[in-house]
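Working notes, structure below.
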Amino acid sequence: MGDLCVRSVLVTGANRGIGLGFVQQLLGMPSPPQWVFAGCQDPKGQRAQVSGHSPPHLASAEVTDPASIQAAAASVGERLKGSGLNLLINNAAVLKVNSLDTETLKDMSEVYATNTIAPLLLSQAFLPLLKKAAQGNPGSGLSCSKAAIVNMSSTAGSIQDLYLWQYGQALSYRCSKAALNMLTRCQSMGYREHGILCVALHPGWVRTDMGGTLEDQVREFLSVGGMLKVLSSLSEKDTGTFLNWEGKVMAW
Ligand code: NDP
C-alpha cells in the first residue's frame with residue numbers, strides 16, 4: 001500500500017471535523033499535494049480558520065448553492081492553470097435527529113440537498129477538471145492518484161445494517177446516505193470511461209460535532225489516516241464500492 005500521490009485535492013466542509021482532518025493530514029504528508037483546496041461555505045468566517053504550517057487554498061463552496069459550486073469550480077480551475085483536479089472529496093453534510101414521527105419536508109429537503117444533491121452537482125461541476133487529471137495521467141487502470149470522486153457516506157445509510165437505529169432514527173440522514181451510495185454506483189458506471197474512480201466511504205463513528213463525544217468512538221486523526229491509506233490502495237476493481245476507513249467492504 002503506497003502513499004497517496006496526488007497533485008491536487010478539493011475537500012468540501014473542510015473548516016472542521018473530518019474535512020479539516022483531511023486537509024491537515026494531506027498537508028502533513030511527506031510529499032504533500034501541491035494544491036489542497038479547503039472548501040468552506042464561508043471562507044472569511046470565524047469557523048474557517050484552517051491554520052497550519054502551510055495553509056490550504058480556501059475555496060468558497062456553499063454546497064447547496066449551484067452558483068457557489070460553479071464559482072468554486074471556475075476559481076479552482078483558474079488556480080490550477082490548465083492542469084486537472086485529481087481528487088474531489090465530497091465530505092460536507094448535515095444531520096437532523098428527526099424520527100419517523102417528526103421528520104418534515106423542510107428538514108428532509110435540506111438534508112437531501114446537502115448530503116445527496118450537492119455531491120452530484122459538485123461532481124458535475126468538477127468533471128472537466130477530473131477528466132483533465134485522468135487524461136494527464138494516462139497509466140493503465142483507475143486510481144485515486146489519477147482521478148477520483150470520494151463520497152463521504154455512512155453506514156447509517158446501509159439498508160442491510162440499519163447501524164445505530166437504537167441510538168437515533170435520523171431518518172433524513174439515513175435516506176440521504178442510502179441515496180448517496182446509489183449515486184456513487186451510478187457515477188462509477190458513468191465515469192469509468194473517463195478514467196475516474198468513484199467510491200463511497202464510511203469514516204467510522206468519529207468524535208466530531210456531528211458524531212458526538214462518546215469515549216469508544218474513533219478519533220478523527222485515526223479515521224482520516226485510515227481513509228487516506230485506503231484511498232492510496234484503490235484500483236480499477238474498487239470503483240463503485242462502499243468501504244469503511246479500514247478498507248472493509250460495507251453492506252449497502
Ligand atoms: P461535522 O458536522 O463535524 O462537519 C460538517 C462539515 O460540513 C462542516 O465543515 C460544515 O460547515 C460542512 N457543511 C455543512 N453544510 C454545508 C453546506 N451547505 N455547504 C458547505 N459546507 C457545509 O461532520 P463530520 O466531520 O463528523 O462529518 C464529515 C462527513 O463524514 C459527513 O459526510 C458525515 O455524514 C460523514 N460521517 C461522519 C460520521 C461521524 O461519526 N462523525 C459517521 C459517518 C459518516 P460549517 O462549519 O460551515 O457548518
Side-chain angles (χ1 to χ4, degrees), residues 10-25 37-50 56 58-73 88-97 107 109-122 125 149-158 161-164 167-168 170-181 183-184 199-224 226-228 230 242-246 248 250:
L10 172 83
V11 185
T12 64
N15 56 305
R16 61 189 165 102
I18 291 169
L20 175 58
F22 268 117
V23 166
Q24 288 172 332
Q25 289 202 32
F37 294 101
C40 307
Q41 52 183 332
D42 180 13
K44 296 200 178 84
Q46 274 259 306
R47 293 168 105 178
Q49 301 308 309
V50 187
L58 292 180
S60 179
E62 153 53 75
V63 301
T64 60
D65 175 4
S68 171
I69 291 175
Q70 288 300 334
L88 169 63
I89 303 183
N90 285 315
N91 167 77
V94 288
L95 180 151
K96 308 264 179 192
V97 291
D107 284 351
S109 304
E110 187 188 327
V111 170
Y112 209 83
T114 311
N115 298 5
T116 315
I117 301 173
L120 167 72
L121 299 184
L122 280 148
I149 297 170
V150 176
N151 290 327
M152 203 52 58
S153 184
S154 169
T155 194
S158 168
D161 272 0
L162 276 169
Y163 182 66
L164 295 176
Y167 185 79
L171 200 75
S172 48
Y173 183 77
R174 287 181 190 278
C175 294
S176 73
K177 295 295 188 181
L180 180 65
N181 286 347
L183 173 67
T184 309
V199 68
L201 286 187
H202 168 59
W205 192 13
V206 189
R207 292 187 75 157
T208 62
D209 291 342
M210 182 186 290
T213 54
L214 293 184
E215 229 358 87
D216 57 351
Q217 283 169 305
V218 183
R219 300 303 158 108
E220 163 258 301
F221 70 92
L222 270 184
S223 164
V224 171
M227 287 190 283
L228 287 173
V230 171
F242 178 26
L243 306 172
N244 79 355
W245 64 287
E246 296 173 303
K248 183 173 164 247
M250 304 303 287

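What you are looking at is a predicted structure, and each value in this text was computed from that prediction instead of being measured. Whatever order the structure lists ligands and atoms in, that order sets their numbers, starting from 1.
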Which of the atoms of ligand 1 are close to [X], meaning less than 4.0 Å from one of its heavy atoms?
{"X": "G211", "answer": "39 (C), 40 (O), 41 (N)"}
{"X": "V94", "answer": "14 (C), 15 (N)"}
{"X": "Y173", "answer": "33 (C), 34 (O), 35 (C), 36 (N), 43 (C), 44 (C)"}
{"X": "T208", "answer": "3 (O), 24 (P), 25 (O), 26 (O), 41 (N)"}
{"X": "A61", "answer": "19 (N), 20 (C)"}
{"X": "G17", "answer": "3 (O), 25 (O)"}
{"X": "D209", "answer": "3 (O)"}
{"X": "H202", "answer": "43 (C)"}

Locate the shortest heavy-atom distance separating [X] from [Y]; write the atom from each residue and the value.
{"X": "Y112", "Y": "A179", "result": "OH-CB, 3.4 Å"}
{"X": "M152", "Y": "F22", "result": "CE-CE1, 3.6 Å"}
{"X": "V63", "Y": "I69", "result": "O-CD1, 3.3 Å"}
{"X": "T116", "Y": "L180", "result": "CG2-N, 4.0 Å"}

Distance in Å, [X] [atom1] paired with [Y] [atom2], rounded so as to fall on 0.5 Å steps:
{"X": "S153", "Y": "L243", "atom1": "OG", "atom2": "CG", "result": "10.5 Å"}
{"X": "L201", "Y": "N90", "atom1": "CG", "atom2": "CG", "result": "11.5 Å"}
{"X": "N151", "Y": "K177", "atom1": "CG", "atom2": "NZ", "result": "8.5 Å"}

What part of [X], side chain from CB on, backbone N/CA/C/O, both or neither, has a heavy atom under 4.0 Å from ligand 1?
{"X": "C40", "answer": "neither"}
{"X": "A156", "answer": "neither"}
{"X": "K177", "answer": "side chain"}

Hey, looking at atom 35 (C) of ligand 1, which of G13, S153, A72 has the closest heavy atom?
-> S153
Counting heavy atoms only, which of E220, M152, M210 is nearest atom 30 (O) of ligand 1?
->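 Looking at heavy atoms only, M152 sits closest to atom 30 (O) of ligand 1.
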What do you reckon, does [X] have a nitrogen or oxygen under 3.5 Å from a nitrogen or oxygen of ligand 1?
{"X": "T114", "result": "no"}
{"X": "A92", "result": "no"}
{"X": "P203", "result": "no"}

Main-chain N/O of P203 paired to S223 side chain as donor or acceptor, under 3.5 Å | yes
Go through the side-chain N and O atoms of S60 and E62 and say whether any donor and acceptor fall under 3.5 Å apart.
->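 No pair is found: no donor N or O on one side chain lies under 3.5 Å from an acceptor on the other.
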Does the side chain of S172 pick up a donor-acceptor pair with the side chain of D107 at under 3.5 Å?
-> no
